[in-house]
Amino acid sequence: MLVYTLPGTFDTREAHLDLLWEAGATGLEERAGHIRAYFDEQTGLPQAVSDGEWTNEAEQDWQAEFKKNLKPVQAGRVTIVPPWLTGEVPAGQVPLVIEPGMAFGTGHHATTRMAVEALSALDLSGKRVMDVGTGSGVLAIAAALLGAELGYGVDIDPITVPIARENAEMNGVPAGRVRFEEGTLGEELPDDVTPDGLFDVLVANLYAELHDLLAGEYAAHLPGGGALVLTGILTSKLPLVRDALEREGFTDVTVREDGEWALVTATR
Ligand code: SAM
């Protein structure tokens with residue numbers, strides 16, 4: 001990429017901008033007191049703009065750079081990896097492949113990591129797990145890979161649903177063991193998800209105010225003994241979540257913190 005950099009701003013050199021365009025600039029940018037003019041080839045320039053200098057900057061492939069920096073994320077018994085790092089999953093760990101993309105949930109955020117760790121600490125064999133705010137589907141897929149009979153993910157953002165389904169397919173989760181739908185808690189569940197509307201485990205990576213609003217629904221969807229896993233909670237907002245859980249009759253409340261983020265577990 002050929003760049004001609006000259007001192008000044010669009011304001012101070014307004015009269016010179018047309019000269020750069022006329023000389024063949026394909027784009028102009030103002031950065032830190034300089035004007036950067038992009039050219040396809042080096043060219044002669046009028047005297048008024050001859051105080052700049054040419055540089056040939058290497059094209060940076062941001063996507064390649066981003067991919068290069070992604071590392072596997074170990075969360076309890078699960079290691080979350082992008083598709084090109086499956087070979088880096090340590091022996092004995094459950095691999096969970098997530099394609100980084102438009103939906104939240106690659107495992108690199110503390111809240112996702114803590115939620116997968118919390119799921120991994122439970123015995124999910126034969127359990128039905130609901131994941132509210134599923135994003136990439138990471139938590140519902142983790143549940144299925146950890147033995148759950150069903151990981152059922154819902155999200156109000158419709159773009160997440162096909163992404164979560166693709167991620168599930170990439171992990172080879174057998175049909176029927178995960179399911180993703182657009183929606184939220186409180187809406188009627190499809191009849192064939194769970195006969196009684198109840199789940200054994202409910203996990204939600206949302207935010208404290210929403211947990212407060214949804215706490216009654218969490219209780220309504222968990223039978224006695226059911227496990228609740230909540231994250232997306234700023235540590236400063238923990239009292240709001242604690243109060244909501246107490247109000248709805250949850251017990252055995254535990255809190256884990258990672259930097260400014262908290263994860264709360266409770267039993268119904
Ligand atoms: N579960 C993934 C994880 O743990 O990485 C993604 C969590 S992301 C922080 C929150 C997701 O919740 C987003 O995909 C957002 O669209 C969804 N969401 C926000 N409000 C919601 C609501 N009221 N009901 C269902 N999903 C919601």
Side-chain angles (χ1 to χ4, degrees), residues 70 72-76 78-82 96-122 124 129-146 148 150-168 170-171 173 178-190 193 197 199 201-221 227-235 237 240-241 244 256-265:
L70 275 185
V73 174
Q74 193 162 337
V78 177
T79 296
I80 311 166
V81 280
L96 199 178
V97 184
I98 296 289
E99 175 79 52
M102 300 280 283
F104 189 105
T106 56
H108 291 84
H109 197 269
T111 56
T112 311
R113 194 174 59 250
M114 285 195 288
V116 175
E117 273 166 17
L119 290 174
S120 159
L122 297 171
L124 294 179
V129 179
M130 182 162 191
D131 170 17
V132 186
T134 197
S136 66
V138 57
L139 304 182
I141 298 169
L145 294 174
L146 288 164
L150 174 69
Y152 180 61
V154 292
D155 201 295
I156 48 165
D157 184 347
I159 74 155
T160 63
V161 176
I163 293 171
R165 287 179 184 156
E166 269 174 41
N167 279 324
M170 205 162 26
N171 283 279
V173 182
V178 278
R179 180 165 168 178
F180 297 102
E181 302 292 347
E182 179 183 346
T184 188
L185 209 55
E187 290 174 358
E188 209 166 313
L189 288 167
V193 171
F199 293 86
V201 177
L202 197 150
V203 62
N205 182 357
L206 297 167
Y207 50 95
E209 290 81 356
L210 195 48
H211 292 317
D212 178 35
L213 281 173
L214 291 176
E217 292 293 340
Y218 297 155
H221 285 87
L228 183 66
V229 177
L230 302 181
T231 189
I233 304 161
L234 287 167
T235 52
K237 303 269 176 67
L240 184 63
V241 177
R256 230 197 102 197
E257 294 182 16
D258 185 334
E260 63 181 341
W261 295 104
L263 173 129
V264 174
T265 63

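Because the structure is a prediction, the values reported are computed rather than measured. For ligands, and for the atoms within them, numbers begin at 1 and follow the listed sequence.
- The single protein non-hydrogen atom nearest to atom 4 (O) of ligand 1 is N205 ND2, 2.9 Å, given as residue, atom name and distance.
- Counting only heavy atoms of the protein, atom 2 (C) of ligand 1 lies nearest to T134 O, 3.4 Å.
- For atom 25 (C) of ligand 1, the nearest non-hydrogen atom of the protein is T184 OG1, 3.4 Å.
- Each of the atoms 16 (O) of ligand 1 lies under 4.0 Å from some heavy atom of D157.
- Heavy-atom proximity to atom 5 (O) of ligand 1, evaluated over T112, L214, T106, is greatest for T112.
- In this structure, atom 1 (N) of ligand 1 lies nearest to the protein heavy atom G133 O, 2.8 Å.
- Considering backbone and side-chain atoms together, V138 places no N or O closer than 3.5 Å to any N or O of ligand 1.
- P162 is linked by a side-chain contact (heavy atoms from CB on, under 4.5 Å) to nothing, counting only residues two or more places apart in sequence or in another chain.
- For a threshold of 3.5 Å applied to N or O pairs, the pair formed by Y207 and ligand 1 contains no separation below that value.
- Remark: E181 engages R165 in a salt bridge, criterion side-chain N to carboxylate O under 4.0 Å.
- Contact between L139 and ligand 1 is present, with at least one heavy atom of the residue lying under 4.0 Å from the ligand.
- Proximity to G105 (heavy-atom distance under 4.0 Å) selects the following atoms of ligand 1: 5 (O).
- Looking at I156 against ligand 1, both its backbone and its side chain come within 4.0 Å, counting heavy atoms.
- Judged by distance alone, with hydrogens and angles left aside, the side-chain atoms of N167 form a donor-acceptor pair with the main-chain N or O of S136 at under 3.5 Å.
- Contacts of L185 with ligand 1, taken as heavy-atom pairs under 4.0 Å, are absent altogether.
- Once rounded to the nearest 0.5 Å, the distance linking CD1 of I156 with CG of L185 reads 12.5 Å.
- Evaluation of the side-chain hydrogen bond (donor to acceptor under 3.5 Å, both in side chains) test over residues 99-119, restricted to residues two or more places apart or in two chains, returns T106-H108, H109-T111, T111-N205, R113-D258, E117-R256.
- When all heavy atoms of Q74 and T79 are compared, the pair lying nearest together is CG-OG1, 3.8 Å.
- Between S136 and ligand 1, no pair of N/O atoms sits closer than 3.5 Å.
- A heavy-atom distance below 4.5 Å is not found between the side chains of V264 and H211.
- Residue-ligand proximity, G183 to ligand 1, at heavy-atom distances under 4.0 Å covers atoms 25 (C).
- For atom 15 (C) of ligand 1, the closest heavy atom belonging to the protein is D155 OD1, 3.5 Å.
- Scanning all heavy atoms of the two residues, the minimum distance from A204 to Y218 falls at CB-OH, 3.7 Å.
- Residue contacts with ligand 1, taken as heavy atom pairs separated by less than 4.0 Å, involve L210 solely via side-chain atoms from C-beta onward.
- Formation of a donor-acceptor pair under 3.5 Å by the N171 side chain with backbone atoms of V173 is not found in this model.
- In this structure, a donor-acceptor pair under 3.5 Å is present between the side chains of T134 and D131.
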